[in-house]
Amino acid sequence: MAEEKIDFKSIEKKWQKAWEQNKIFEVKEDAKKKKFYVLEMFPYPSAAGLHIGHSFNYTIGDVFARFKLMQGFNVLHPMGFDSLGLPAENAAIKEKMHPEEYTDNSIKNFIKQQKTLGLTYDWDRVVNTADPEYYKWDQWIFLKMFERGLVYEKEAAVNWCPKCDTILANEQVENGRCWRHKDAEVEIKQMKQWFIKITDYADRLLEGHKKLKWPEKTIAMQKNWIGKSFGTEIDFIIDGKKWPIFTTRPDTIFGVTFMVVSSQHKKLWDLVTKKQKPEVEKFLKKLKSVSEKELAEMEKEGVFTGSYAINPATQEKVPVYAGNFVVADYGSGMVMAVPSHDQRDLEFAKKYKIPIKQVIAPVVETKEGPDAIRENLPIKKRKTVVCIVKHWKEEKYICLTWKKQGWKTFVVGGVEDNEDIVKAGIREIKEETGYQNPVFIKEIDGEFHNKFFATHKNENRWAVIKGLYFELKDSKQKEISEEEKELSELVWVEKNKVLSFLHDDESDKILWKRLNDIDEAYTDSGLLINSEQFNGINNEEAKQKITEWLMKKNLARKTINYKLRDWSVARQRYWGTPIPLIHCSKCGVVPVPEKDLPVKLPREVKFGEGNPLLTNKKWLETKCPKCKGKATREANTMDTFVNSSWYFLRYCDAKNNKEIFDKSKVKYWMPVDLYIGGAEHACMHLIYCRFYTMFLHDIGLVDFDEPAPRLFHQGMINDAKGEKMSKSKGNVIEPLETMAKYGVDTTRFFIMSEASPDKGFNWSDTGIQGSLRIINKIWNTASNMKFGKDSQELLVKLNFSIKNITEQIENLDYRKSTIELRELFDLISKQSEISKESFGKALKLLSPFCPHITEELWEKIGMNKNNKNFISLAEWPKYEEIKQKQGKEDLNDKILSNTLPIIQKISESQKIKKIYLYVMPFEIKNIDRKKIEKALGYSTEVFAVNDPNKKDPEGRAKKAIPGKPGVYVE
RNA sequence: GCGAGGGUAGCGAAGUGGUCAAACGCGACAGACUCAAAAUCUGUUGGCCUCGUGCCUUCAAAGGUUCGAAUCCUUUCCCUCGCACCA
């Protein structure tokens, strides 16, 4: 066989040029054709050029776009550049260039590199956010929001990144650090700032999730970020003034023993008494010196303000503390603290020796087994003691194993009416253990309930448990009664094994933890105690009832709170969209009139002296659009996420210089049918762009409110050792180098075959050589193939491959497609001849993955002459529904050839000839009784092994087990 | 702590009740070609042997359901990713 080396480079160039010249990827709206919009998140262009993540991202989209193109869709597959933003500005400063030049150069370089990848982009629609023709519309949308009251300015604690030299949105702070500078700790600054009221859309952002075919994780992250919680706002009176307090646990109101106000609360000083002022000041000073990061890791701390709040439920006075763990702008910035049922409150209470009051008693209800509560029987309440008994010398405790029930508990028993619980405890210890000298040490805090069916007494029991702690004085022990012996067995358990011994007895476990000072607030459900008229009610029910009770007294309201904050959009930097507002000393804040848009960035500014825009006086000074008097421009620019919040709409009509876009064009192309990008944007871009779309829907510009119903996250590509690629580690794989060495198609095939695209993978040099192997094989097969007839085997395989690959690409299961392609071409390589048609189909299946070499081979086998019939535009093969035997031996043949085990054979001299076939249930449908009867001359009966629907004559099926079908001949 | 996803042969990774000792790739081994190597091709790659439509042991661990479990249930262990003082 002749072998030919593939000249990837010239093949790539040849076809990329042909595609471009014939404009086969440039699209227009066409009402007759179904559209498909494939979009990859656009890059921010850096001088470094493409990295492997880009090529992974783009290839995933490109395979899909090519697939849809071949399926006859009108495919929109655009590309653009998110070129405004801090990184570009910083990089430009570093290179001593103007950001504009830096960006232009980067974009040129990017496009050049992207073009070598053979992607199906419509280069006629490129969007560049740094182009005033683009950001003009950022400003336009901003003004629309401003008109509708969605933009406002307020003094607030904002996140300041010292490395970015600007403030950040909440979304851009990760763990107290800047999302771009993992080494920069974000500072909290009080500043007057511009916000967009994204919180108005919180509910719709949540609601919209139902329409999205997005990774569940991403939706979960967004839900978590928006953080909707239902609760009650309860008015506490402090100093005669009403303070509304948000809580999700109104059921615990009787357990409130103190209040904590955020140390950053605006009205903090209203609460601080003269006497406490120095203390509070000291505390705040201490907090000031720590960054947000440290704050997050700090212990809960606080200081008494001197004020007391009146609990509206009990009229009790409780102290108000200022604390570092309360968020100022969530709820009302103050919390009611219930130390017995909230972990943070408990820690705080312990630290400052504040009383702890239990208001919810855990209830353990047996729901399964013989001890489960019987619904139809009444329930009998009974006081019960649980006694923890310590060894007279060692660190060991008495536990019991209940013989019938399998329970593992401490000593437990009922308390008679009017009986003292300590006496009852001592009695039970003596009865159940025989030890004669238990010494009562103390009662354990808390009340617990157990509900179960007492089989020995035949009644439902409701045990109200008190815990007592005893120590044995000595080892004196009497024989216990036979009756007790049968019930339970005594076990001495070492201190550190008690918890695991008790495995599923919640109340005993809690008692044990309390005894050993393991601080754990009880946050689960239970019954109310110490709560006056609400005692005995289940706490979930009590949430409702207590809220209603307080509402009647006009002391509470049902409310909803969100974690989502308004979007802080202003940046004190140059390279962003200027905020189109003007400050006039007479008229206040005045929007720039629409006709004056865009407000262009001035070219002449000085960098490195705070906000560069403030250095261009000529630009700053302007006239007030209202009174024509002297005024100044707003010098803040917009967050770069503004630019990317609607770019996908601009692609639909990228060159429109009259309006933001032609509505009808957007109507045709949108929404994005498949959006591909990294998961790191889950709570940033992917929330903002949904919000923007909803807003544009509300002002009547678009008729949908979700921009991208289907989203896909590509995974990370790491180096061969599984480590993140980074320049400093020197383990970066340059996609362009790899493509130059192995060919674009080989690289595409490799990165699509290495793992499921959403999982990412570790780079492997031997892996890409493997891909080269199969590409070479395909090439050589094509070069040497004799065209003629197809074998049956090949037709079957090809048909299945069409079915599988079509489904797999649709599901972005590219890895499986590459496997299917390997199998298919492997089989083709073994054929002595094949029809041109079949080979062409196989090439088409390969084409989305390896567009260049398939185009070349397509031409080679004479399917494309003079670039009239590109494979890229050829029709995707169709699966033909045909009956398949799949080459496996028919079960019927097996029976006839007697290869099934014969279970039992009865003399054939008997008159009735009948065979019983025992087969696996799933095989029943494959049995052809007539065929068998005809061939053997027996009548037949078919049984599935252990088929519950058929009576087995003599239980013979059992003999057919294990697992094999059998034939029974009678 | 909470949320999501995982643990399968030397490695990567399919497989969610029966045709599973488990696709596919990488690696390894053997053979062919070659003076030799690379490339390529062919075969083997859980263990055992009487080499078979054979037996045994496997899909994190332990139990369970089932005629039958990598797949379903329970418990435990481990890993990865996200969120993390939201009252």
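Below, chains carry the letters A, B, ... as their sequence lines are ordered, and counting in each starts from 1.
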Between [N] and [M], how many Å separate the two [atom1] atoms, rounded to a whole number?
N: B:U65; M: B:C55; atom1: P; result: 26 Å
N: B:A61; M: B:U71; atom1: P; result: 11 Å
N: B:C56; M: B:A60; atom1: P; result: 22 Å

Hey, does [X] reach any base, or is it just sugar-phosphate, or nothing, if we go heavy atoms under 4.0 Å?
X: A:T248; result: sugar-phosphate
X: A:E823; result: sugar-phosphate
X: A:V260; result: nothing

Taking the side chain of [X] as heavy atoms from C-beta outward, which of [options] is closest to it?
X: A:I819; options: B:C24, B:A87, B:C85; result: B:C24
X: A:K777; options: B:C41, B:C26, B:A87; result: B:C41
X: A:K217; options: B:A84, B:C41, B:G3; result: B:G3
X: A:W225; options: B:G15, B:A84, B:A23; result: B:A84
X: A:R822; options: B:C24, B:G27, B:C85; result: B:C24
X: A:R815; options: B:U42, B:G82, B:A23; result: B:A23

Under 4.0 Å from OP1 or OP2 of [N]: is there any side-chain N or O of [X] that close?
X: A:K759; N: B:A14; answer: yes
X: A:S229; N: B:A87; answer: yes
X: A:R773; N: B:G27; answer: yes

Polar contact flag, side-chain donor to acceptor under 3.5 angstrom, A:T199-A:D566: yes
Test item: A:S340 and A:Y522 side chains (from C-beta on) under 4.5 Å apart, heavy atoms: no
Complement of [N], any strand, by Watson-Crick or G-U distances under 3.5 angstrom:
N: B:C48; value: B:G54
N: B:A21; value: none
N: B:G1; value: B:C83
N: B:U40; value: B:A32

Of A:V335 and A:D826, the one whose closest RNA chain B nucleotide lies more 5':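 The residue mapped nearer the 5' terminus is A:D826.
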Contact nearer the 5' end of RNA chain B, comparing A:A220 with A:N561: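 Result of the comparison: A:A220.
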Centroid-centroid distance, A:Y688 to A:W567, less than 6.0 Å: yes
Aromatic contact, A:W225 with A:Y562 (centres under 6.0 Å):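 Not under 6.0 Å, so no.
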Ring geometry between A:F348 and A:F258 (parallel below 30°, tilted from 30 to 60°, perpendicular above 60°): parallel
